[in-house]
Amino acid sequence: MSQLQSLRGMVDLLPEALQRWQAVEAMAREHFQRSGFGEIRTPLLETTDLFGRGIGEGTDVVGKEMYSFQDRGDRSCTLRPEGTASVVRAALQHGLLSQGAQKLWYAGPMFRYERPQAGRQRQFHQIGVEWLGAERARSDVEVIALAWDLLASLGVGGLQLELNSLGTAEDRHDYRNALVAWLEQRSEALDPDSQARLSTNPLRILDSKNKDTQALLEDAPTLADALADASRERFEEVQRGLTTLGIPFRLNPRLVRGLDYYSHTAFEITSDQLGAQATVCGGGRYDGLISQLGGPQTPAIGWALGMERLLLVLEAAAQADPNGPAARLAVIPIPDAYLVNRGERAETVGLSLARSLRQQGLTVELDGSGSAFGKQFKRADRSCARWALVLGDEEVERGEVRLKPLQQQGEEVTVALSGIAAIVETLRTY
Ligand code: ATP
Ligand code: MG
């Protein structure tokens, strides 16, 4: 029988990798809590319509990347390709916006049918924030700083913040016409994908990954020139705010987010460690989305970072600096004690002793093999536990357990099995 395999682009996360993963999530949770963001969890499965309306039919995500199917009730369902549309749907469904602005964060898997490669999977994971009701330029600065500081605290170096303004829908309308007119005269030089986008989603041509198209775009009209005064002033205020906080950035006039509902501030945080899939975090303002999904006109801003790409950067950082913060994230906690036990009665008592000690908050690894003491001691050494607890039928007969120091100098001590408090105290001191 052939070996069963996971689906292409769907990746298992194993305990060792999850160590660093958990540390990242814990750090993110801490940053969000300190900034007043509350967690939200929405279903992985939504109506297909939500993403059609919330992301836009002309985008790659909706056009060719969604996992959609009819369920048994013949409803068209889609595995969520991103978090924002679902968060807005939930906020509207539960009337959260009537209670004022909402600062929300989420973490979890997303699904996009893309060509798998390093940093690109079909099930991948994002951590993201959405601030619904955030209007002022200062909120853009705060939200960007939240992403920047989180990445910095994880020990990610070599990051670049790229910034652009997409202006308002009116700004983009004028610009789109100018860009299409300019590109139509040069359409032969465009790659086929970009040619198709001329009629469907011309702004997306700006972030084409095709080298020839990129070269052609060097001289194209830019969005910055098309911004109305108010949009331009707003953009400058965001830049001043970042400068005041000491957060460096680079203006990138070709930065357009793939999703249609963005306006004004758009940004990406990229890493020079990642090659082609360089963007770790992307976000921006989406003042049009909430009303588009049937809610009141409400300004909003958010971002999402890709866990897999962040983990790749963290691995590189940990290798470059084995004592740095990124390396420390992957440190596996060592057990307080390794319980060596053998014999019918000893193993029964061992299981219950391990349980009592764990209830006291200690980390105890119980050897469940029943193998020879020598073998168990080898494993105890390998576990790096500070103590071995030794239980054989003889010890049980005497109502005792032996505590043998493994990593540190010291005498072996014998403690009564009934004295859990005394055992805990000894394990905690050395
Ligand atoms: P890209 O241009 O790389 O496809 P995107 O614009 O589609 O990115 P967003 O929708 O903004 O990405 O998602 C935010 C982040 O999620 C990205 O910056 C990236 O880190 C991560 N991400 C997006 N798609 C994938 C994927 N298929 N596999 C792994 N991570 C992804
Ligand atoms: Mg994409």
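It should be emphasised that the depicted structure is a prediction, and the values quoted were computed from it without experimental measurement. Atoms within each ligand, like the ligands themselves, are counted from 1 in listed order.
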**Asked** Is there a side-chain contact between Thr78 and Tyr67 (heavy atoms, below 4.5 Å)?
**Response** no
**Message:** For ligand 1, which is the ligand I care about here, please tell me if Leu305 has any N or O atom under 3.5 Å from one of the ligand's N or O atoms.
**Reply:** no
**Request:** Using heavy-atom distances, let me know which of Glu268, Arg112, Lys209 sits nearest atom 2 (O) of ligand 1.
**Result:** Lys209
**Request:** Please round to the nearest 0.5 Å and tell me the distance separating atom CG of Asp140 and atom CD of Gln239.
**Result:** 11.5 Å
**Item:** Any donor-acceptor N or O pair under 3.5 Å, side chains Glu130, Tyr286
**Value:** yes
**Prompt:** Quick one: which ligand 1 atoms are inside 4.0 Å of a heavy atom on Ala304?
**Reply:** 14 (C), 15 (C)
**Request:** Only one of Arg342, Lys375, Arg379 passes side-chain hydrogen bond (donor to acceptor under 3.5 Å, both in side chains) with Ser369; say which it is.
**Result:** Arg379
**Prompt:** Does even one non-hydrogen atom of Glu65 get within less than 4.0 Å of ligand 1?
**Reply:** no
**Asked** Would you call Glu82 a ligand 1 contact, heavy-atom distance under 4.0 Å?
**Response** no
**Request:** Could you verify whether a donor N or O on one side chain and an acceptor N or O on the other, from Ser187 and Gln195, lie under 3.5 Å apart?
**Result:** no
**Item:** Mode of Val280 contact toward ligand 1 - side chain, backbone, both, neither (heavy atoms, under 4.0 Å)
**Value:** backbone
**Request:** Please state which part of Arg120 comes within less than 4.0 Å of ligand 1, counting heavy atoms only: side chain, backbone, both or neither.
**Result:** both
**Prompt:** Which of these, Arg89, Arg75, Arg80, sits in a salt bridge (Lys or Arg N to Asp or Glu O under 4.0 Å) with Glu46?
**Reply:** Arg89
